[in-house]
Amino acid sequence: MKRIAVYPGSFDPLTNGHLDLIGRASALFDELVVAVLTNTGKEEPLFSVEKRLAVLREVLRSQRNVRIDQFEGLLVDYVRSVGACAIVRGLRAISDFEYEFQMALMNRHLCGQVETFFLMAGEAYTYLSSRLVKEVAQLGGSVHGLVPPQVEALLEERYGRARRRKGKG
Ligand code: PNS
């Protein structure tokens, strides 16, 4: 039986920490589905779902057992719909734990057959988050080495252009 896991998230934007985790998880399962949540209800996303999916597809195109998809609604319903047995989430520091613990137990309450696996990203990424990448890029700092080149280019396009316009005005 094929062991499929789902790695869900917003990926807004994709970071090298996410990629590290995808590498680790894809080595443990027959197939890893990286699933972008489309209805976050959070603040306005930085990049559209289409753009985030396109970046993921491009960056991960050579990874044979990784599939990119999107989902809405309950995660466990999506996990069941793709025949997966596991959810993969990354843990960076203790501060992640409470939120992740609540989500894992809620998902277990909703569907006892699906297990959540927590993986630690490499030490180099313990301080890295999409939120901080956005903030640094917006304020003109370098995110080189923290995100894949495709994301760096998109951030430059988004914020660099705005800064140059401001500089001229
Ligand atoms: O990368 P993120 O934004 O921390 O990912 C959060 C995500 C997508 C895993 C989480 O918001 C989620 O699973 N949303 C789907 C809604 C759901 O199933 N909620 C109830 C169980 S906690």
Side-chain angles (χ1 to χ4, degrees), residues 3-26 28-29 31-60 63 66-138 143 146-148 150-152 154-155 158:
R3 297 228 161 248
I4 306 173
V6 172
Y7 178 34
S10 313
F11 306 102
D12 188 34
L14 177 69
T15 70
N16 287 345
H18 292 130
L19 291 179
D20 178 276
L21 218 82
I22 290 167
R24 290 170 198 278
S26 62
L28 297 173
F29 293 92
E31 183 179 350
L32 181 71
V33 184
V34 179
V36 178
L37 178 67
T38 61
N39 58 328
T40 59
K42 283 189 188 171
E43 78 262 22
E44 188 66 15
L46 175 61
F47 297 122
S48 67
V49 169
E50 292 69 30
K51 213 165 238 180
R52 281 179 266 155
L53 289 168
V55 166
L56 279 162
R57 288 203 175 100
E58 194 186 331
V59 173
L60 296 165
Q63 300 251 6
V66 177
R67 193 158 67 77
I68 314 302
D69 197 9
Q70 56 183 297
F71 78 103
E72 59 180 355
L74 278 181
L75 175 60
V76 287
D77 288 343
Y78 173 75
V79 169
R80 276 191 293 224
S81 77
V82 295
C85 60
I87 296 167
V88 171
R89 292 285 290 170
L91 271 185
R92 290 163 300 192
I94 294 288
S95 49
D96 282 340
F97 183 75
E98 199 169 331
Y99 170 61
E100 295 296 337
F101 184 68
Q102 280 180 349
M103 277 207 304
L105 290 183
M106 179 56 81
N107 285 330
R108 179 180 284 172
H109 166 79
L110 294 169
C111 179
Q113 291 85 47
V114 172
E115 291 294 345
T116 299
F117 285 73
F118 292 114
L119 297 181
M120 282 186 290
E123 306 83 270
Y125 305 114
T126 48
Y127 65 97
L128 186 54
S129 70
S130 296
R131 185 182 61 78
L132 280 185
V133 162
K134 265 183 271 194
E135 190 172 312
V136 169
Q138 187 172 20
V143 291
L146 303 180
V147 295
Q150 292 88 340
V151 171
E152 201 178 338
L154 284 176
L155 288 168
R158 168 68 62 96

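One-based numbering, in listed order, for ligands and for the atoms of each. Starting from 1, each residue takes its place in the sequence as its number.
Contacts between Gln102 and ligand 1, counted as non-hydrogen atom pairs separated by less than 4.0 Å, are absent for every part of the residue. Contact annotation: for Leu37 versus ligand 1, heavy atoms closer than 4.0 Å belong to the side chain alone. The proximity of Asn107 to ligand 1, defined as any non-hydrogen pair under 4.0 Å, is limited to the side chain. Contact annotation: for Tyr7 versus ligand 1, there are no heavy atoms closer than 4.0 Å.
Taking each of Ser129, Gly90, Gly73, Ser130 in turn, the one with a heavy atom nearest to atom 15 (C) of ligand 1 proves to be Gly73.
Tyr99 counts as a contact of ligand 1, since one of its heavy atoms falls under 4.0 Å from the ligand.
By the 30° and 60° cut-offs, the orientation of the rings of Phe11 relative to Tyr7 is perpendicular.
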Worked verdict on Phe117 versus Leu28 for side-chain contact (heavy atoms from CB on, under 4.5 Å): CA-CA 11 Å; Phe117 285 73; Leu28 297 173; 6.0 Å; no

Thr15 and Leu146: CA distance, side-chain angles, deciding distance, side-chain contact (heavy atoms from CB on, under 4.5 Å) verdict: CA-CA 6 Å; Thr15 70; Leu146 303 180; over 6 Å; no

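Checked options Arg158, Lys51, Arg52; the residue passing with Asp12 is Arg52 (criterion: salt bridge (charged side-chain N to carboxylate O under 4.0 Å, His left out)).
For the pair Arg92 (side chain) and Tyr125 (backbone), a donor-acceptor distance under 3.5 Å is absent. Listed for the Arg89 side chain is a donor-acceptor partner under 3.5 Å among the backbone atoms of Pro8.
Applying the 4.0 Å criterion to heavy atoms of Leu75 picks out, from ligand 1, the atoms 13 (O), 17 (C), 18 (O).
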